[in-house]
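Just below is one structure, and these are the notes that go with it.
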Amino acid sequence: MMSKHKIMSVFGTRPEAIKMAPLVQALKRLAHVESLVCVTGQHRDMLDQVLNIFSIRPDVDLNIMRFDQDLTSITTRTLEGLAPVLSEYKPELVLVHGDTTTSVSAALAAFYQKIPVAHVEAGLRSMDPYSPYPEEMNRCLISRLAQLHFAPTAANADNLRRENVLGLISVTGNTVIDALMTTVYDTYEFQHEFLRSFDFDSGPTILLTAHRRENFGQPIVSICRAVRRLVEDHPGLRVIYPVHPNPQIQQPVRQELADIEHLYLIEPLDVQEMHNLMDRCSFVMTDSGGLQEEAPALGKPVLVLRTETERPEAVVAGTVEIAGVEEEGIYQAAHALLTDRDKFRRMATAVNPYGDGRACERILGCIETWLGS
Ligand code: UD1
Ligand code: UDP
């Protein structure tokens with residue numbers, strides 16, 4: 001009997017897990033592949049939420065998360081944890097995703113054992129090494145380490161070609177659209193009690209998220225103050241904010257936004273709840289990467305709480321606007337969306353530059369060709 005090709009997917013945070021889940025499920029269906037999953041556990045609770053929803057049982061769990069962890073400890077724990085795992089399982093290919101510290105450390109760990117790396121969601125660039133920090137440098141480094149590069153868009157592939165990266169570059173679409181197609185539907189009923197009883201028809205609702213390292217300190221305070229002014233000045237407006245568990249976010253958010261009428265701080269939602277909440281809100285304010293891809297596909301305007309984006313496609317299409325991290329700029333951008341119907345209508349056109357829901361199929365095709373060669 002022919003032995004199976006061993007492929008190991010390594011991920012550790014919520015967004016990686018959401019975007020790798022459909023690929024892990026697709027790999028499992030290939031008869032000639034043994035699909036292994038190693039999670040670092042860079043996120044604990046938020047990772048487990050995703051694993052549960054997509055029924056993924058990891059073969060290995062490094063369980064590295066610590067309270068208020070720093071980048072060095074994520075890196076060293078991942079490198080030290082993965083070395084014996086890769087020696088034992090000896091995969092032919094390691095799949096990593098995006099730009100987290102789990103991903104760059106896993107790619108380096110594989111490189112140290114001369115195991116080829118495939119990079120899912122390759123080629124996104126802001127061109128500023130400190131923004132997003134450390135993600136921009138993480139993904140640049142992964143591009144040097146990887147041999148297969150799965151770029152969501154043609155522009156992402158062009159970035160990689162300009163950098164003369166080694167290996168094969170393929171435009172596949174983003175696997176997040178594959179995931180989104182399975183989670184959102186009109187008759188969805190929320191599990192979360194607050195959301196189940198929430199009347200989305202009785203006024204505008206903003207979905208807010210913010211967690212990025214470069215927004216720690218003054219920017220997160222300014223974001224909170226802008227949002228607070230918005231609910232105070234716009235009767236009927238509600239804001240729902242699932243707050244990231246990072247203490248660097250929890251602390252200022254609780255300090256600035258506790259007990260404000262119509263401003264609801266809730267715990268992180270599982271991905272299906274989140275996607276359906278996004279589908280029912282009026283618009284999104286966020287510094288998240290993933291939300292910038294999902295919301296446009298659902299026809300929801302997005303105000304980006306950052307000074308740049310590595311996802312310019314939806315900005316060009318007109319559904320995403322960079323609002324910055326200053327209180328006044330954020331307030332004015334949201335105020336305009338709440339009061340200018342034409343602007344809202346222009347931004348609420350559903351566009352989906354990130355794929356047709358068949359990214360996994362294309363990625364599998366590339367992997368099969370590579371295995372065959
Ligand atoms: C990480 C990624 C970031 C990604 C984000 C998605 C890096 C450097 N950063 O940032 O690119 O956008 O995930 O959310 O890889 N925590 C918990 N429970 C959890 C998860 C986190 O309590 O399930 C707390 C812990 O105290 C942890 C802290 O949050 O130490 C920070 O987690 P960390 O992964 O270091 O940073 P994120 O901001 O989540
Ligand atoms: N998300 C979620 N629950 C939440 C907040 C976000 O499931 O409470 C999902 C979101 O829909 C998207 C992903 O998490 O798929 C984005 O993750 P995050 O914003 O943490 O990271 P980023 O994309 O910025 O790296």
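Counting starts at 1 for both ligands and their atoms, in listed order. This structure is a prediction, so every number in the text was calculated from the model and none was measured.
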Report yes or no: do [X] and [Y] form a side-chain donor-acceptor pair below 3.5 Å?
{"X": "Tyr331", "Y": "Asp233", "answer": "yes"}
{"X": "His5", "Y": "Glu34", "answer": "no"}
{"X": "Glu293", "Y": "Asn174", "answer": "yes"}
{"X": "Asp287", "Y": "Asn215", "answer": "yes"}
{"X": "Gln42", "Y": "Thr102", "answer": "yes"}
{"X": "Gln272", "Y": "Thr183", "answer": "no"}

Centroid-centroid distance, His244 to His43, less than 6.0 Å:
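His244 vs His43: aromatic centres under 6.0 Å.
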
Ring centers of Tyr241, Tyr264 separated by less than 6.0 Å:
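No; Tyr264 has its ring centre 6.0 Å or more from that of Tyr241.
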
For [atom], grab the closest protein heavy atom and report residue, atom and distance to one decimal in Å.
{"atom": "atom 25 (O) of ligand 2", "answer": "Pro15 CG, 3.5 Å"}
{"atom": "atom 9 (C) of ligand 2", "answer": "Ile18 CD1, 3.6 Å"}
{"atom": "atom 15 (O) of ligand 2", "answer": "Glu294 OE2, 2.4 Å"}
{"atom": "atom 23 (O) of ligand 2", "answer": "Gly290 N, 2.7 Å"}
{"atom": "atom 22 (P) of ligand 2", "answer": "Gly289 N, 3.6 Å"}
{"atom": "atom 16 (C) of ligand 2", "answer": "Ser288 OG, 3.7 Å"}
{"atom": "atom 3 (N) of ligand 2", "answer": "Leu269 O, 2.7 Å"}
{"atom": "atom 20 (O) of ligand 2", "answer": "Arg14 NH2, 2.8 Å"}

Donor-acceptor contact present, side-chain Thr100 to main-chain Ser103, <3.5 Å:
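Pair found, side chain donor or acceptor close to backbone of Ser103.
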
Scan Arg212, Arg213, Arg139 and name whichever one has a salt bridge (Lys or Arg N to Asp or Glu O under 4.0 Å) with Asp99.
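When Arg212, Arg213, Arg139 are each tested with Asp99, the salt bridge (Lys or Arg N to Asp or Glu O under 4.0 Å) holds only for Arg139.
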
Approximate separation, where rounding is to 0.5 Å, of Met278 CE and Glu273 CD
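One finds 12.0 Å between CE of Met278 and CD of Glu273.
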
What are the atoms of ligand 2, with element, lying closer than 4.0 Å to any heavy atom of Val271?
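Near Val271, meaning under 4.0 Å from one of its heavy atoms, ligand 2 has 7 (O).
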
Which ligand 2 atoms are under 4.0 Å away from a heavy-atom of His275?
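Ligand 2 atoms under the 4.0 Å threshold to His275: 11 (O), 15 (O).
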
I need the single residue from Arg125, Glu163, His149 that forms a side-chain hydrogen bond (donor to acceptor under 3.5 Å, both in side chains) with Ser143. Which is it?
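Among Arg125, Glu163, His149, the one meeting side-chain hydrogen bond (donor to acceptor under 3.5 Å, both in side chains) with Ser143 is Arg125.
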
Note every protein N or O atom lying under 3.5 Å from an N or O atom of ligand 1, pairing the names and giving the distance.
| residue | atom | partner | partner atom | Å |
| --- | --- | --- | --- | --- |
| ligand 1 | 11 (O) | Glu135 | OE2 | 2.4 |
| ligand 1 | 12 (O) | His211 | NE2 | 2.9 |
| ligand 1 | 12 (O) | Arg212 | NH2 | 3.4 |
| ligand 1 | 13 (O) | His43 | NE2 | 3.1 |
| ligand 1 | 14 (O) | His244 | NE2 | 3.3 |
| ligand 1 | 15 (O) | Gln42 | NE2 | 2.9 |
| ligand 1 | 15 (O) | Thr101 | N | 2.9 |
| ligand 1 | 18 (N) | Asp45 | OD1 | 2.6 |
| ligand 1 | 23 (O) | Arg44 | N | 3.3 |
| ligand 1 | 23 (O) | Asp45 | N | 3.0 |
| ligand 1 | 23 (O) | Asp45 | OD1 | 3.0 |
| ligand 1 | 23 (O) | Met46 | N | 2.9 |
| ligand 1 | 26 (O) | Asp68 | N | 2.9 |
| ligand 1 | 30 (O) | Arg66 | O | 2.7 |
| ligand 1 | 30 (O) | Asp68 | N | 3.0 |
| ligand 1 | 30 (O) | Gln69 | N | 2.8 |
| ligand 1 | 32 (O) | Gln69 | NE2 | 3.4 |
| ligand 1 | 34 (O) | Gln42 | NE2 | 2.9 |
| ligand 1 | 34 (O) | His43 | NE2 | 3.2 |
| ligand 1 | 34 (O) | Gln69 | NE2 | 3.2 |
| ligand 1 | 35 (O) | Gln69 | NE2 | 3.0 |
| ligand 1 | 35 (O) | Arg213 | NH2 | 3.2 |
| ligand 1 | 36 (O) | Arg213 | NH1 | 3.0 |
| ligand 1 | 39 (O) | His43 | NE2 | 2.6 |
| ligand 1 | 39 (O) | His244 | NE2 | 2.9 |

Tell me which part of [X] gets within contact of ligand 2: side chain, backbone, both or neither, using heavy atoms under 4.0 Å.
{"X": "Thr209", "answer": "neither"}
{"X": "Met46", "answer": "neither"}
{"X": "Pro242", "answer": "side chain"}
{"X": "Gln49", "answer": "neither"}

Tell me, please: is Arg212 in heavy-atom contact with ligand 2, that is, under 4.0 Å?
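Arg212 counts as a contact of ligand 2 under the 4.0 Å cut-off.
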
Heavy-atom distance under 4.5 Å between the side chains of Phe198 and Ile240, does that happen here?
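The answer is yes; the side chains approach within 4.5 Å.
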
